[in-house]
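As structure tokens, the structure follows; a few thoughts come after it.
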There are 2 protein chains.
Amino acid sequence: MRKQPRQVRSRQMVERIVAAGRSVLVEDGYDAFSTNRVAAAAGVSPGSLYQYFPDKTAILEVVVDRYSEETAERVAAAMSDRIGGTGLAVVRDIVDALLTALEADRALLRVVSEELPLARSRARRDTLERRISELAATYLLARPEHSRRPNAPMATWVTVLAIETIAIRWVLDQPAIERDQLIDEIVALVGGYLVS
Amino acid sequence: MRKQPRQVRSRQMVERIVAAGRSVLVEDGYDAFSTNRVAAAAGVSPGSLYQYFPDKTAILEVVVDRYSEETAERVAAAMSDRIGGTGLAVVRDIVDALLTALEADRALLRVVSEELPLARSRARRDTLERRISELAATYLLARPEHSRRPNAPMATWVTVLAIETIAIRWVLDQPAIERDQLIDEIVALVGGYLVS
DNA sequence: ATTGTATGCGAGCAATCACTCGCGTCACAA
DNA sequence: TTGTGACGCGAGTGATTGCTCGCATACAAT
């Protein structure tokens with residue numbers, strides 16, 4: 001942020017810009033995400049935009065960060081709720097929550113995970129993935145009796161990666177698989193792997 | 001292709017362009033993949049480039065298709081070799097072959113799977129994934145006794161997706177996991193899932 | 001040798017983009 | 001009411017891009 005918006009007017013403008021960024025991204029794709037376009041969509045001049053954002057990517061970052069944060073929050077909530085639970089029922093609930101969170105905004109998920117070059121910038125990659133990994137690690141480490149895998153961090157990595165990918169791809173590609181069936185399969189996959 | 005190169009001279013030029021495209025992609029990333037840049041790297045004028053390629057993406061397509069084809073070929077070969085085998089030894093060998101194929105050109109794999117917008121164009125997405133899925137389906141369907149999953153296509157989809165993602169991410173991110181350990185984990189993952 | 005075609009060149013065009021700057025307007029404190 | 005800084009505007013700039021076109025050269029067929 002180049003400058004803090006102090007008055008109500010400017011804070012609303014910043015909001016309009018972020019909202020416009022999100023909608024340009026969703027409706028026209030990343031290629032159309034130009035500063036002029038976002039400004040126009042926000043009903044704002046290009047110059048105004050640069051009073052609060054240092055450059056184009058800063059706008060993108062806010063949009064993406066908000067989405068990641070929001071999604072991660074939902075999944076994390078489901079995981080926290082179930083942190084005391086036992087067995088595969090926990091996995092089931094978490095996968096369910098993950099799917100629900102991802103289904104909330106398919107269009108944005110598509111852009112974020114398929115078009116964005118920023119999503120791959122190593123550094124700030126996947127708030128979502130990191131937070132879920134941490135929570136999963138907590139769960140797995142807290143209940144070693146549930147895992148016959150010797151190497152816990154690696155098991156966590158494999159599990160989280162597999163679940164995350166399958167969930168995202170199912171939401172985006174919508175293969176001919178029922179939601180409940182999918183959850184069964186994922187539970188079977190990690191169940192056979194982790195639980196004795 | 002806008003025109004077929006008839007003489008040796010022009011065929012060599014097309015080759016130089018494709019090679020230059022690949023090297024620009026690998027060394028400078030997708031953002032630097034401009035027609036002028038590729039032409040310069042190939043020691044060719046921008047005009048010449050457009051005699052055989054209709055537009056920028058056509059060059060990209062050739063580069064990516066070649067890479068996908070090449071990688072898929074290697075994995076498919078390993079799978080064909082093992083089509084008669086039994087049990088998890090097959091899975092082990094296939095995963096090994098997949099890792100080897102992916103390790104062959106890390107730099108290009110990175111660009112293809114992380115930067116390219118084309119890689120996500122639904123239509124020509126993942127020659128690799130499709131071919132492996134087909135082969136995997138053949139294997140799984142041919143040996144129903146090896147699977148306690150009722151829905152074979154779905155099991156195939158889940159398995160291939162999980163293996164592919166984990167392999168790619170391991171090659172690209174190089175987490176602190178030994179190669180042999182990784183293979184063990186993947187075998188354990190799909191073993192617990194598929195095999196009784 | 002001549003002619004027709006394939007090949008190759010590179011200056012440059014039209015469009016786009018991220019971003020700036022000078023100027024006018026507005027809110028708020030005194 | 002007035003002064004001051006926050007705010008907002010939008011034409012414009014410099015750079016880059018994908019791509020074309022007129023022209024020169026190399027080759028092949030006659």
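Because the structure is a prediction, the values reported are computed rather than measured.
The CG atom of L49(B) sits 13 Å away from the C1' atom of dG10(C) (whole-angstrom rounding). The distance from atom CD of Q12(A) to atom C1' of dA27(C) is 14 Å, rounded to the nearest whole Å. The CZ atom of R16(A) sits 11 Å away from the C1' atom of dG8(D) (whole-angstrom rounding). Taking atom CG on D55(B) and atom C1' on dT20(D), their separation rounds to 14 Å, with Å as the unit. Atom CG of D31(A) is separated from atom C1' of dA15(C) by 16 Å (rounded to the nearest Å). Whole-Å rounding puts the I17(B) CD1 to dC9(C) P distance at 9 Å.
Within the 4.0 Å cut-off from OP1 or OP2 of dC19(D), at least one side-chain nitrogen or oxygen of Y50(B) is found.
Closest of all the heavy-atom pairs between W170(B) and E178(B) is CZ2-C, 4.3 Å.
Exactly one residue among R74(B), R179(B), R82(B) makes a salt bridge (Lys or Arg N to Asp or Glu O under 4.0 Å) with D96(B). That residue is R179(B). Put simply, the residue from V160(B), T159(B), T165(B) that forms a side-chain contact (heavy atoms from CB on, under 4.5 Å) with I163(B) is T159(B).
Here the CZ atom belonging to R149(A) is positioned 4.5 Å from the CD atom belonging to E185(B), to the nearest 0.5 angstrom. Between the CD atom in E164(B) and the OG atom in S133(B) there is a gap of 7.5 Å [rounded to 0.5 Å].
Heavy atoms of N36(A) sit under 4.0 angstrom from at least one base atom. At a threshold of 4.0 angstrom between heavy atoms, the contacts of F53(B) with the nucleic acid are absent. Among the protein residues, R2(B) comes within range of the sugar-phosphate backbone only, with heavy atoms under 4.0 Å from sugar or phosphate atoms but none that close to a base.
R66(A) and E15(A) are joined by a salt bridge, as a carboxylate oxygen and a charged side-chain nitrogen come within less than 4.0 angstrom of each other.
Comparing dG18(D), dA18(C), dG10(D) by their nearest atom to the side chain of P46(A) picks out dG10(D).
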side-chain hydrogen bond (donor to acceptor under 3.5 Å, both in side chains) between T57(B) and D55(B), intermediate numbers included: CA-CA 6 Å; T57(B) 66; D55(B) 56 23; 3.0 Å; yes
Footprint string (nucleotides 2-8 of chain C, 5' to 3'): B base within contact, S backbone only, - free, heavy atoms under 4.0 Å: ----SBB
